[in-house]
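Down below is the structure, laid out as structure tokens.
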Amino acid sequence: MNEKIKILIGDDTAQFGVSVASKLRTDGFYVITRPKNGTLIADAVESERPDVVIVDALMPGLDAIGVIKKINSSQSDAKPYFIVTASYVNDFLEQQVM
């Protein structure tokens, strides 16, 4: 069985989330977009069980590190890969995300 990789994008703006989602869908991925809010993203990860999560480093509710920690500490066996984006360079943040 050839299942599509499920990607959750934590940004529902036309400038980023919707345009990236459209391109990924064209390339054969199953893509879900949610508002850029860490609390909503963490809930969506638990309910949607994506393979990959793309989020910004800083979000309302929980930042990317908070989302990753919450998901990694959950009882779920399926842990997604995270891609964390940022519009600036911050060595400390990079170390924490890694």
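With sequence neighbours excluded, the residues that form a side chain to side chain donor-acceptor pair (under 3.5 Å) with R49 are S76. Taking S19 as the reference, nothing meets the side-chain contact (heavy atoms from CB on, under 4.5 Å) condition, with sequence neighbours excluded. Judged as a salt bridge (charged side-chain N to carboxylate O under 4.0 Å, His left out), and not counting sequence neighbours, D12 has no contacts.
Considering every non-hydrogen atom in both G61 and T39, the closest pair reads CA-OG1, 3.5 Å. Counting all heavy atoms, side chain and backbone alike, S74 lies closest to E46 at CB-OE2, 4.2 Å. Of all heavy-atom pairs spanning P80 and V45, the tightest one is CG-CG1, 3.9 Å. A21 approaches V31 most closely through the heavy-atom pair CB-CG1, 3.5 Å.
Note that the CG atom of L8 and the CD1 atom of I41 stand 5.0 Å from one another [nearest 0.5 Å]. Considering CZ of F82 and CD1 of I71, their distance stands at 5.5 Å, rounded to 0.5 Å. Here the CG-CD1 distance, from D27 to I7, works out to 9.0 Å after rounding to the nearest 0.5 Å. For the atom pair CZ of F29 and NZ of K4, the computed distance is 10.5 Å after rounding to the nearest 0.5 Å. With rounding to the nearest 0.5 angstrom, the CG atom of D11 is 5.5 Å from the NZ atom of K36. Summarising the geometry, atom CG belonging to D56 is positioned 4.0 Å from atom OG1 belonging to T85; distances are rounded to the nearest 0.5 Å.
One hydrophobic cluster, built from ILVMFWY side chains closer than 4.5 Å, cannot hold both I54 and V84; they sit in different ones. L24 and Y30 fall into different hydrophobic clusters, where Ile, Leu, Val, Met, Phe, Trp and Tyr are joined by side-chain heavy atoms under 4.5 Å apart, directly or via other members. No chain of hydrophobic side-chain contacts below 4.5 Å, direct or via other Ile, Leu, Val, Met, Phe, Trp or Tyr residues, connects F16 to M59. Note: the hydrophobic cluster containing V20 also contains I83 (ILVMFWY, side chain heavy atoms under 4.5 Å, direct or indirect links).
Using a distance-only test at 3.5 Å, with no hydrogens or angles considered, a donor-acceptor pair links the side chain of N37 to the main chain of L40. A donor-acceptor pair is defined here as one N or O able to donate and one able to accept, closer than 3.5 Å; no such pair exists between the side chain of D51 and the backbone of I5. In this structure a side-chain-to-backbone donor-acceptor pair under 3.5 Å is present from S73 to K69.
Annotation for K79: atom NZ counts as buried by contact number, over 12 foreign heavy atoms lying within 6.0 Å.
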(message) side chain to side chain contact (heavy atoms under 4.5 Å, CB included) for I9 and I32? Distances and angles first, verdict last.
(response) CA-CA 6 Å; I9 299 176; I32 307 159; over 6 Å; no

